[in-house]
Chemist: 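The structure is given below, and queries will be raised subsequently.
For the single chain, residues carry numbers from 1 onward in sequence order.
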Amino acid sequence: MSHHRAIAAIFAVHGAVAGSLSTRIPWIQDRLDLDPRILGLALLCPPIGAFIGMPMAGRLAHRFGGRRVTRVLIALWCSGLALPALAPSPVGLFAAFLLFGAAAGMSDVTMNAHAVVLERHLGRSIMSGLHGMWAVGSLTAAGIGVLAAQSGLDARVHLGTMSAVLLLLGLLAGRGLLTDHTPADAPAPRRFALPGRGIALIGVVGFCATFAEGASANWSALYITEVTDAGPGVGAAGYTVFMLFMAGTRLLGDRVIRLLGPVATVRTSGAVAAVGGLIVVLARTPALAIAGFALVGLGVAVIVPLAIAAAGNRGATPGEGVAGVATITYLSGLVAPAVTGWVAGGLSYPAAFAVITAVVVLLTLLAPALRPSAGTSALTPEKQGSFAGTQD
């Protein structure tokens, strides 16, 4: 298995774990008889666990090797899939979700850092396609989860089986990752540090893209039903179209990035997403609203992968740069649905998506933050830190 296929499989496995769990949250709620407020608190635990774990990922990769740590963390992430369904109480569920989130965030950092160095190694953009594989894995596993839920299959059986299968796939894929060659004098990543100005600006671009993505994913179906008087099936179709445009664009996005470069790609993508957001705000028919959400998905799809790649190349080490931006985007994904709901409740749904459109315009203006720094393309494998390795 080539290095590129190996890391693509790792991304797909990571996405499949997330997609599997998302379909069985209702089963977990019913089993533990959770009040919606308690469930809401429980669902805050994964991002909290990720925030705690992310800063440690770079240091672990530096000390033990990026290839080894990525393989171990993906194995932990896959193994953790079974834990929430086995939780005997709300307290146990909180603990399971904290561990699950920590494994998610740490493996996210190391696999993206690995991808940054592989991009340098191959001399071409691959990050968008890798995030597309994450979406493919998530959608595929979610489809399996829907079938399992519809058939009444116990989530402990479903998630336990998926955990074992994905663990095996992750271990097999991990064998093809880049071999580590850490220079003896390579500096260890800092335990914790606020990102510098360059990384922070890249993080703001990622924050804006994730904000638009998270708000659209969580509110598109409800927006279509409430604003255009469509039925729930049409509303669900709007969400599906948005996600399909996101996944498809990411799978094909590397070709556009190679053609235009990161700055022009972000500007063009942001403009497309802003037009989509404006259509959503003005739409009063289901077809027009769905078209608007499709353009939003098309526009924001490649921006987060580009931000992560830019941060990995700009940071003192790939892991440190990725961790800085990933933490910011996780925060955005956490607050975007809530902020959208507050604005929609206080004003209206179109007003909420007018705010989201303004956020997209902001990221378009900040596109120059992703311009490659001088000398990035000239890095040799020996200078690329703990993930650099052999030829593909």
Chemist: When Ile, Leu, Val, Met, Phe, Trp and Tyr are grouped by side-chain heavy atoms lying under 4.5 Å apart, directly or through other members, which residues fall in the same group as Leu282?
Modeler: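 Besides Leu282, the cluster holds Leu278.
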Chemist: If the plane angle is over 60° it's perpendicular, under 30° parallel, otherwise tilted; pick one for Phe293 and Phe242.
Modeler: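 Answer is perpendicular, since the angle exceeds 60°.
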Chemist: A quick test of your reading: do over 12 heavy atoms of other residues, nucleotides or ligands sit less than 6.0 Å from CZ of Arg284?
Modeler: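 Check passes, neighbour count above 12.
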Chemist: In the structure I gave you, are the side-chain heavy atoms of Val205 and Leu201 within less than 4.5 Å of one another anywhere?
Modeler: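 Of all side-chain heavy-atom pairs linking Leu201 with Val205, none is under 4.5 Å.
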Chemist: Where does the angle between the aromatic ring planes of Phe11 and His131 fall among parallel (under 30°), tilted (30 to 60°) and perpendicular (over 60°)?
Modeler: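 Phe11 vs His131 ring planes: tilted.
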Chemist: Just how far is it from atom OG of Ser107 to atom CZ of Arg71, taken to the nearest 0.5 Å?
Modeler: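 Going from OG on Ser107 over to CZ on Arg71, the span is 15.0 Å.
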Chemist: Side chains of residues 79-98: which donor-acceptor pairs under 3.5 Å do they make with residues two or more places apart or in other chains?
Modeler:
from, atom 1, to, atom 2, distance (Å)
Ser79, OG, Ala75, O, 2.8
Ser89, OG, Gly92, N, 3.2

Chemist: Do Leu295 and Phe211 share a hydrophobic cluster, counting only Ile, Leu, Val, Met, Phe, Trp and Tyr and linking them when any side-chain heavy atoms are less than 4.5 Å apart?
Modeler: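 Yes.
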Chemist: List for me each residue that meets salt bridge (charged side-chain N to carboxylate O under 4.0 Å, His left out) alongside Arg250, sequence neighbours excluded, and say none if there are none.
Modeler: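 By the salt bridge (charged side-chain N to carboxylate O under 4.0 Å, His left out) rule, Arg250 matches Glu213.
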Chemist: Mind listing the side-chain donor-acceptor pairs of residues 256-270 below 3.5 Å, one per line with the distance, residues two or more places apart or on another chain?
Modeler:
from, atom 1, to, atom 2, distance (Å)
Arg258, NE, Ser125, O, 3.2
Arg258, NH2, Ser125, O, 2.7
Thr265, OG1, Gly261, O, 2.6
Thr268, OG1, Ala264, O, 2.8
Ser269, OG, Thr265, O, 2.7

Chemist: Remaining members of Val157's ILVMFWY cluster at a side-chain heavy-atom cut-off under 4.5 Å?
Modeler: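 Listed partners: Leu153.
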Chemist: Are Leu252 and Ile308 connected in the hydrophobic side-chain network, where two residues link if heavy atoms are under 4.5 Å apart?
Modeler: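 No, Leu252 does not connect to Ile308 through the hydrophobic network.
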Chemist: Contact between Leu177 and Thr70 at the side-chain level, heavy atoms closer than 4.5 Å - yes or no?
Modeler: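 Yes, side chains in contact.
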Chemist: State the CG-CD1 distance between Leu39 and Ile25, to the nearest 0.5 angstrom.
Modeler: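 That separation rounds to 6.5 Å.
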Chemist: Mind listing the side-chain donor-acceptor pairs of residues 343-368 below 3.5 Å, one per line with the distance, residues two or more places apart or on another chain?
Modeler:
from, atom 1, to, atom 2, distance (Å)
Ser348, OG, Ala351, N, 3.1
Thr357, OG1, Phe353, O, 2.8
Thr364, OG1, Val360, O, 3.0

